[in-house]
There are 2 protein chains.
Amino acid sequence: MEKDTTLASRQEQLARFAKALGHPTRVAIMCFLAQQTSCYFGDIHEELPIAKATVSQHLKELKEAGLIQGEVETPKVKYCINRENWEKARSLFGEFFGQCLCKSGACCG
Amino acid sequence: MEKDTTLASRQEQLARFAKALGHPTRVAIMCFLAQQTSCYFGDIHEELPIAKATVSQHLKELKEAGLIQGEVETPKVKYCINRENWEKARSLFGEFFGQCLCKSGACCG
DNA sequence: TTTGTTTTTTGCAAAATTGCGAACAATAAA
DNA sequence: TTTATTGTTCGCAATTTTGCAAAAAACAAA
């Protein structure tokens, strides 16, 4: 089973990542995770002015998008960026913004 | 009135852009606009397997996020990327993915 | 076993998103 | 004026998202 790298599938993957980043709280979580060595649930919750159930929900979405991963260290849970997928996202966004710079002089004006 | 460049406001702006890009159809529209010299509504609609009302709705959201702009050329409407905001988005995503590369050796593992 | 700690899940309500057909708006052409 | 052309808006339904409190899960410690 080969990896699907068609334009459509890359666009879908980009949209999936973008959707996960489409909420300020989730962007804040990603930035926080990127700058911390310890990243337990409680640390993340402490940073945010929202209920822990809500934090958990946002973490779940980031996890399902593949941007982060969680590791149980009973009774805590340590969260971190999923480096492999993070790199994939970086690459897709890079390609997206690269090709969309109107090289051909397209666009209005 | 100064421009707000706090971390929180940049995160919010990034989330707004990301949210607009959080749907495969809208990503496809952006890619299409970036590669065309003519970009009338009809051309965009032709590319997509969805009703024109739906296309119009997606264009409206991209416009409200500031990523594109429309210009009436009766009876058509010409759409194009909003270069200024596009550059702003590119910069924000660049910063985001740049700082989140785990420079400090943070993250698990 | 009971208690305590940490996080997830559940249940609920409000709001937003998605998609479509039909109706409408704006203008040019016949 | 009537007719065509091109897009937008409206009204509707189905689904998803967002946020929270309360309950549940998982396990260590007393």
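Naming convention: chains lettered A, B, ... in sequence-line order (proteins, then strands); numbering from 1 in each chain.
Rounded to a whole Å, the CD atom of A/Glu71 is 18 Å from the P atom of C/dT6. C/dT17 atom C1' lies 8 Å from atom CZ of B/Arg26, rounded to whole Å. Between B/Ile68 atom CD1 and D/dG7 atom P the separation is 13 Å, expressed in whole Å. Straight-line distance from the CG atom of A/Asp43 to the C1' atom of C/dT7: 13 Å, rounded to whole Å. The CD-C1' distance, from A/Gln57 to D/dC20, rounds to 12 Å in whole Å. Put simply, NE2 on A/His58 is 18 Å from P on D/dT16, counting in whole angstrom units. Atoms CG (B/Leu62) and P (D/dT8) sit 12 Å apart, rounded to a whole Å. As rounded to whole Å, 15 Å separates atom C1' of D/dA26 from atom CD of A/Glu73.
Not one side-chain nitrogen or oxygen of A/Tyr79 sits closer than 4.0 Å to the OP1 or OP2 atom of C/dT6. Remark: B/Thr74 is not in phosphate contact with C/dA26, judged by side-chain N or O atoms under 4.0 Å from OP1 or OP2. Residue B/Lys52 places no side-chain N or O under 4.0 Å from the OP1 or OP2 atom of C/dG21.
At the heavy-atom level, B/Ile50 lies under 4.0 Å from the strands shown only through sugar-phosphate atoms.
Between A/Phe41 and A/His45, the ring-plane angle classifies as tilted under the 30° and 60° cut-offs. Between B/Phe93 and A/Phe93, the ring planes lie parallel to each other; the angle is under 30°, not in the 30° to 60° tilted range.
The listed nucleotides are C/dT7, C/dA16, D/dG19; the one nearest the side chain of B/Lys19 is C/dA16. Distance from the side chain of B/His23 is smallest to C/dT18 among D/dC20, C/dT18, C/dA22. Picking from D/dT8, C/dT7, D/dT9 the nucleotide with the shortest atom distance to the side chain of B/Ala53 gives D/dT9. When each of C/dT8, D/dG19, D/dG7 is scored by its nearest atom to the side-chain atoms of A/Thr54, the top-ranked nucleotide is D/dG19. In the set D/dC20, C/dG21, C/dT7, the nucleotide with an atom closest to the side chain of A/Tyr40 is C/dT7.
Between A/Tyr40 and the choices A/Lys78, A/Glu73, A/Lys76, the side-chain hydrogen bond (donor to acceptor under 3.5 Å, both in side chains) rule is met once, by A/Glu73.
When the nearest nucleotides of DNA chain D are assigned to A/Pro75 and A/Glu61 by heavy-atom distance, the more 5′-ward of the two goes with A/Glu61.
Across all non-hydrogen atoms, the minimal contact from A/Val27 to B/Ala15 is CG2-CB, 4.0 Å.
Side-chain atoms of B/Arg26 never come within 3.5 Å of backbone atoms of B/Leu21 as a donor-acceptor pair (strictly under, hydrogens ignored).
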